[in-house]
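Encoded as structure tokens, the structure appears first; notes follow it.
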Protein chains: 2
Amino acid sequence: MMGALLDEATEILRSRGGRMTSQRKRILESLELLGSHPSADEIFAFVSQSDPTLNLSTVYRTLRWLEQEGLISARHFHFDEDRRTDRFDAASPIDHHHFICTECKSVIEFDNRLIGEVKNQFSRQTNCWVQSVSVVLYGLCPNCQK
Amino acid sequence: MMGALLDEATEILRSRGGRMTSQRKRILESLELLGSHPSADEIFAFVSQSDPTLNLSTVYRTLRWLEQEGLISARHFHFDEDRRTDRFDAASPIDHHHFICTECKSVIEFDNRLIGEVKNQFSRQTNCWVQSVSVVLYGLCPNCQK
DNA sequence: AAATTATTGCAAATCATTTGCAATAAAAGT
DNA sequence: ACTTTTATTGCAAATGATTTGCAATAATTT
């Protein structure tokens, strides 16, 4: 399980004449280690600890490449503040959704097969072809409720 | 029905010692006229036709104020490109969701009571208190499918 | 080991959005 | 109506996340 992202990425890289550099390796590792939808800055800060020469633009380039290859997904969660920073999700972008605690900013991932049903009903009613679904719940986690 | 947003806004404004200026009036009107989730720029372009002296920062200030008052909602839809522009929705932010055609960028609003069920099931399972739900479907509208 | 070229670091550019401030214009007081 | 008060505007500059050009660096190939 561990290293799955790195393995996949390495393979794709190879098949395109790309190079698995130490920077990319560290960034990929950090995506698996930092569970909770880190921003580019957070990844940068984390990897910088072990490689102080890493540059932020390398982080962005790597993340965008991973995104294009479909290995990770980028999105914003829009609280009142933080409206502009992308967050990156190491998990497959397909069929998993998010709850966000607007207080402590923690993220819980979930799935529910009713969501597939919502998608199907919409398709049937409108003749739209639905490629992907994003469900985000905003609220308070048990800790932040009292 | 027409002017509902303007009426509500005027009332809130009054109750706070605020002033209903011509700029605000035009921006509010444009939000009702431009149906489809315009960006600040689009609103600016539209209102500029009738008031060439309007400034973009006034548009932003008005939109953010409306957002804070809960009269409109701001969000991004993330296609591959346009990752950074907010889109503003004159409709109530509660209980209505979006389909976006990734080809022609058209937006279809919808609702489905299964979504409430998804929310309830999640709450029950996690003890999280869910305040709002956002569902976005991405795909191709009938026109763009062939 | 030399040649090739993908990738990096750096600095500058973008672009949507925000903010400080002096000028303007609603609304209130006279 | 006329002055005063102060919310709101326009303008220009600042911000902050992300992107990009380019020369230097380092994987891979020869």
Side-chain angles (χ1 to χ4, degrees), chain A residues 6 9-28 30 37-45 47-48 50-69 72-88, chain B residues 6 9-28 30 37-45 47-48 50-69 72-88:
Chain A
L6 195 140
T10 305
E11 193 177 340
I12 288 181
L13 216 36
R14 284 271 148 71
S15 76
R16 300 226 196 316
R19 296 170 187 180
M20 179 52 73
T21 61
S22 69
Q23 292 86 330
R24 287 182 176 168
K25 221 173 261 170
R26 287 176 205 269
I27 291 168
L28 286 159
S30 80
H37 303 76
S39 63
D41 252 329
E42 286 163 356
I43 292 169
F44 174 62
V47 178
S48 290
S50 58
D51 176 5
T53 70
L54 178 72
N55 192 278
L56 182 55
S57 59
T58 301
V59 175
Y60 274 108
R61 274 188 287 235
T62 303
L63 292 170
R64 292 306 175 201
W65 170 71
L66 289 168
E67 190 189 3
Q68 284 195 341
E69 297 301 341
I72 68 174
S73 56
R75 43 182 324 147
H76 328 245
F77 298 122
H78 39 291
F79 319 115
D80 355 27
E81 338 82 48
D82 193 7
R83 217 186 256 99
R84 278 186 281 197
T85 34
D86 277 348
R87 315 220 138 252
F88 297 88
Chain B
L6 194 140
T10 305
E11 193 177 338
I12 288 179
L13 216 36
R14 284 271 149 69
S15 76
R16 299 226 197 318
R19 296 169 187 182
M20 180 52 73
T21 62
S22 67
Q23 292 86 330
R24 286 182 176 169
K25 221 173 262 169
R26 287 175 205 269
I27 292 168
L28 287 159
S30 80
H37 305 76
S39 64
D41 251 330
E42 286 163 356
I43 292 169
F44 174 62
V47 179
S48 289
S50 58
D51 177 6
T53 71
L54 178 73
N55 193 280
L56 182 55
S57 60
T58 301
V59 174
Y60 274 108
R61 274 188 285 235
T62 302
L63 291 171
R64 293 303 175 205
W65 171 71
L66 289 167
E67 189 188 5
Q68 284 194 340
E69 296 301 340
I72 67 175
S73 56
R75 43 183 322 150
H76 327 246
F77 298 123
H78 39 292
F79 318 116
D80 356 26
E81 338 82 48
D82 192 7
R83 217 186 258 99
R84 278 185 283 198
T85 36
D86 277 349
R87 315 221 138 251
F88 297 89

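Residue numbers begin at 1 in each chain, while the letters A, B, ... track the order of the sequences. These values consider heavy atoms only, across backbone and side chains, with no hydrogens, waters or symmetry-generated copies. The structure displayed is predicted, hence computed values, not measured ones.
A 4.5 Å side-chain heavy-atom check between B:His76 and B:Asp86 finds at least one atom pair inside the cut-off. For the pair B:Met20 and B:Lys25, the minimum side-chain heavy-atom distance is below 4.5 Å. Counting only heavy atoms from C-beta outward, the side chains of B:Asp41 and B:Thr85 never approach each other to under 4.5 Å.
When heavy atoms are screened at a 4.0 angstrom cut-off, B:Thr53 is found touching the sugar-phosphate backbone but no base atom.
Remark: B:Glu69 CD is packed, more than 12 non-hydrogen atoms of other residues, nucleotides or ligands lying under 6.0 Å away.
Here the C1' atom of nucleotide D:dT9 and the CG atom of B:Leu13 are 14 Å apart, to the nearest Å. Atom pair A:Gln68:CD and D:dT18:C1' shows a separation of 15 Å (rounding to whole Å applied). Atom NE2 in A:His76 sits roughly 13 Å away from atom C1' in C:dC15 (whole-Å rounding). The distance from atom CG of A:Leu54 to atom P of D:dT25 is 17 Å, rounded to the nearest whole Å. Atoms CE (A:Met20) and P (C:dT7) sit 10 Å apart, rounded to a whole Å. As rounded to whole Å, 14 Å separates atom C1' of C:dT7 from atom CG of A:Leu28. Straight-line distance from the CH2 atom of B:Trp65 to the C1' atom of D:dT9: 15 Å, rounded to whole Å. Distance A:Tyr60 OH to C:dA13 P: 19 Å, rounded to the nearest Å.
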Between A:Arg14 and A:Glu11, does the salt bridge (charged side-chain N to carboxylate O under 4.0 Å, His left out) criterion hold? Intermediate values first, please. CA-CA 5 Å; A:Arg14 284 271 148 71; A:Glu11 193 177 340; over 6 Å; no
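Residue-to-nucleotide contacts include no donor-acceptor pair under 3.5 Å from the side chain of B:Arg61 to the base of C:dT18.
Checked against D:dA17, C:dT17, D:dC11, the side chain of B:Arg84 finds its nearest nucleotide in D:dA17. Closest to the B:Arg19 side chain, of the nucleotides C:dC10, C:dA26, D:dG10, is C:dA26.
Heavy-atom distances to DNA chain C give each of B:Ser57 and A:Arg24 a nearest nucleotide, and the one nearer the 5′ end belongs to A:Arg24. Comparing B:Asp86 and B:Arg14 against DNA chain C, the residue whose closest nucleotide sits nearer the 5' end is B:Asp86.
Distances shown here put a side-chain N or O of A:Asn55 below 4.0 Å from the OP1 or OP2 atom of C:dC10. Applying the 4.0 Å criterion to OP1 and OP2 of D:dG10, one finds that B:Thr58 has a side-chain N or O inside that range. Residue B:Gln23 places at least one side-chain N or O under 4.0 Å from the OP1 or OP2 atom of D:dG10.
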